[in-house]
Amino acid sequence: MTFQAINPATGEALDGAFSESTSQEVDQACQLAAAAFPVYRKLSGEAKAQFLERIADEIMALGPELLERANLETALPLPRLTGERGRTTGQLRLFAQYLREGSWVDARIDTALPDRQPLPRPDLRQMLIPLGPVGIFGASNFPLAFSVAGGDTTSALASGCPVVVKAHPAHPGTSELVGQAIRKAVEASGLPEGVFQMVQGTGIDVGMAIVLHPQIKAIGFTGSFRGGKAIYDAAVRRPEPIPVYSEMGSTNPVFFLPAILKQKGLDLAKAYVDSVTLGVGQFCTNPGLAIVKQSDGGDAFVSQARLAMSQTQPTPMLTKGIYQAYTAGIEKLNSFSRVLIASKSETVVDGFAAAQPTLLSTTADVLLENPELTEEVFGPSSLLVTADTKEEMLAVAQGLEGHLTATVYGTPEELLEYADLLEILEQKVGRLLINGFPTGVEVSHAMNHGGPYPATTDVRSTSVGTNAIRRFARPVCYQNFPDALLPDALKADNPLAIFRLVDGEWKK
């Protein structure tokens, strides 16, 4: 069977037929990854770094063809895609630098104490090693940076794990181009072909075949709650349960305090709507929930936000299915008593999947009675909640489930006054912001892109930044090993010159 990509701006089928991978092809991909693992896991940090840099070079060598195909398959504008390509290659190069430094293996050494009483201590040395072949699911909303060569693939390859990627069916041509670039890098680096494998498919069977394959040792996923939870449930019920790192979306609440709204509420209202509608609202950090304390500044903020939303242009979403889910989500919110559509774009577009930017409104007491109102509606909308008192704002925060981010806007003085709000939110999210909207996730060493369930299936991990490498590694302790048999990271003379915890002290 074959399928074609659909242009979301027109509904037209694009050139190129892509084959649905069979169960035999998925099995072959996983077996090849397993065969490559004993070789790839032993590569030095320098060799893996050069491989990642080669992937980045091959992606750039695709030139305009990659961006043009992605534009046709996603309706995302070329400037956005150009920036996303830079993020994709940039994170490959960042992980290369991280591998060269090498301390990520978290080497720990407790030297032997043969004369210790009442019992001697053996020589103990621990470090992280790769898990094994990893299954990666490409995301719909980032056809490059969270897809075939995205952060999950990059961090898995950096850890020493071969990957089997399930390309997203919304952009199969883009995925195939990037897959070809990675395969060229594999060949040029002299690596086994199983280091990178990619399969395609429109249904759930192909993805589940990866999840359930006995050679796969972990899963990385970015997408809907329904999809991520189904993958997690299947993985933990395997004969050998495996970790699943599902990033499943978030409403990312923003709390606006009264004093800052009195000072700059009109500007913040426009910035808030811009953040809500950025990329047609198709970011997992889209601020889908805002809480405003009742005040003169708050009233002006709400009025300006309504005006700004009415002036926002409808734009095609990534797929017809995402568009339909968005419109259904708006209708569901609006069906609740005292949840109103406060404003929506005044422009009507007859496009194939053009979303109407929408601002809904309600009050804190309604939200507290109906916690399902905090569930994500993926797209250019947000629910604006007014609270009468500080206590109501705190109650809203306390009632939240897990989210990727939360933001508090306030003056220096009122931020101190609302320190208890920050303490509550710290327990609810993976990234807490002061006076800045959450859209835009820096790829860096300190970034955390994760959060408590249901934002993710593992609150301890991040899918963005170099710490993501730890998802695909596990600790091993070597007891009383001769120095010649130890990995270089644990040898007595520290040939890699990395930081190590030696008898409780970090040193090189």
Side-chain angles (χ1 to χ4, degrees), residues 1-21 59 62-88 137-150 165-181 198-204 206-207 222-224 227 249 277-284 286 312-330 345 347-358 377-381:
M1 293 178 58
T2 62
F3 65 98
Q4 290 177 274
I6 302 297
N7 185 326
T10 66
E12 297 174 348
L14 297 171
D15 292 339
F18 301 90
S19 297
E20 296 264 1
S21 296
I59 290 172
L62 293 170
E65 180 186 4
L66 175 64
L67 303 180
E68 291 165 0
R69 180 70 190 195
N71 168 255
L72 289 173
E73 291 186 331
T74 66
L76 296 173
L78 289 174
R80 148 73 192 270
L81 291 167
T82 302
E84 190 179 329
R85 181 181 62 180
R87 172 176 172 159
T88 305
F137 286 74
S140 64
N141 57 335
F142 282 86
L144 301 175
F146 277 84
S147 191
V148 175
V165 173
K166 163 64 170 64
H168 198 283
H171 42 257
T174 304
S175 297
E176 184 56 41
L177 287 170
V178 176
Q180 290 172 5
M198 188 180 81
V199 295
Q200 298 254 29
T202 57
I204 64 173
V206 173
T222 299
S224 69
T277 57
L278 181 67
V280 205
Q282 296 169 127
F283 288 98
C284 47
N286 166 273
T312 304
Q313 296 297 308
T315 309
M317 300 191 80
L318 291 159
T319 69
K320 186 176 182 180
I322 291 174
Y323 165 75
Q324 291 171 335
Y326 170 72
T327 56
I330 296 297
S345 173
T347 305
V348 177
V349 175
D350 293 329
F352 175 66
Q356 200 86 358
T358 303
V377 176
F378 189 66
S381 73

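Position 1 is the first residue of the sequence; numbering continues from there.
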Requested in this report: Hey, could you give me the CZ/CG distance between Phe146 and Asn141, rounded to the nearest 0.5 Å?
Outcome: 7.5 Å
Query raised in the report: Using 4.0 Å as the upper bound for N to carboxylate O, is an ion pair formed by Arg69 and Glu65?
Result: no
Requested in this report: Supply the atom-to-atom distance Ser147 OG to His171 NE2, rounded to the nearest 0.5 angstrom.
Outcome: 3.5 Å
Query raised in the report: How many angstroms lie between CG in Leu67 and OG1 in Thr174, if you round to the nearest 0.5 Å?
Result: 9.0 Å
Report summary line: On a heavy-atom basis, the closest approach of Gly173 and Glu73 is N-OE2, 2.8 Å
Query raised in the report: Hey, is the main chain of Ala145 close enough, under 3.5 Å, to the side chain of Glu84 for a donor-acceptor pair?
Result: yes
Query raised in the report: Less than 4.5 Å apart, any side-chain heavy atom of Ile6 and any of Lys320?
Result: no
Query raised in the report: Hey, does Thr222 have a side-chain heavy atom less than 4.5 Å from the side chain of Phe137?
Result: no
Report task. Measure the CG-CD distance between Leu177 and Glu68 for me, rounded to the nearest 0.5 Å. Result -> 10.5 Å
Report task. Provide the closest heavy-atom pair for Gln200 versus Ala167 in the form atom of the first, atom of the second, distance. Result -> OE1-CB, 3.5 Å
Query raised in the report: Between atom CZ of Phe142 and atom CG of Leu76, what is the distance when rounded to the nearest 0.5 Å?
Result: 9.0 Å
**Report entry** Closest approach of Asn286 to Ser381 (non-hydrogen atoms, all atoms of both residues)
**Finding:** OD1-O, 3.7 Å
Query raised in the report: So, Lys166 side chain and Ile204 main chain: donor-acceptor pair closer than 3.5 Å or not?
Result: no
Query raised in the report: Is a side-chain donor or acceptor of Tyr323 paired with a backbone partner of Gly379 at a separation under 3.5 angstrom?
Result: no
Report task. Please name the pair of heavy atoms, one in Ser140 and one in Ile322, separated by the smallest distance, quoted to 0.1 Å. Result -> OG-CD1, 3.7 Å
Query - Gln356 versus Pro314, closest heavy-atom pair with distance - result: OE1-CG, 3.8 Å
Query - Heavy-atom closest contact (Pro380 atom, Met317 atom, distance) - result: CD-CE, 4.2 Å
Query raised in the report: Does the side chain of Pro143 come within less than 4.5 Å of Leu318's, by heavy atoms?
Result: no
Requested in this report: State whether a side-chain donor-acceptor pair under 3.5 Å links Thr202 with Glu20.
Outcome: yes
Query - Distance in Å, Leu144 CG paired with Ile59 CD1, rounded so as to fall on 0.5 Å steps - result: 7.5 Å
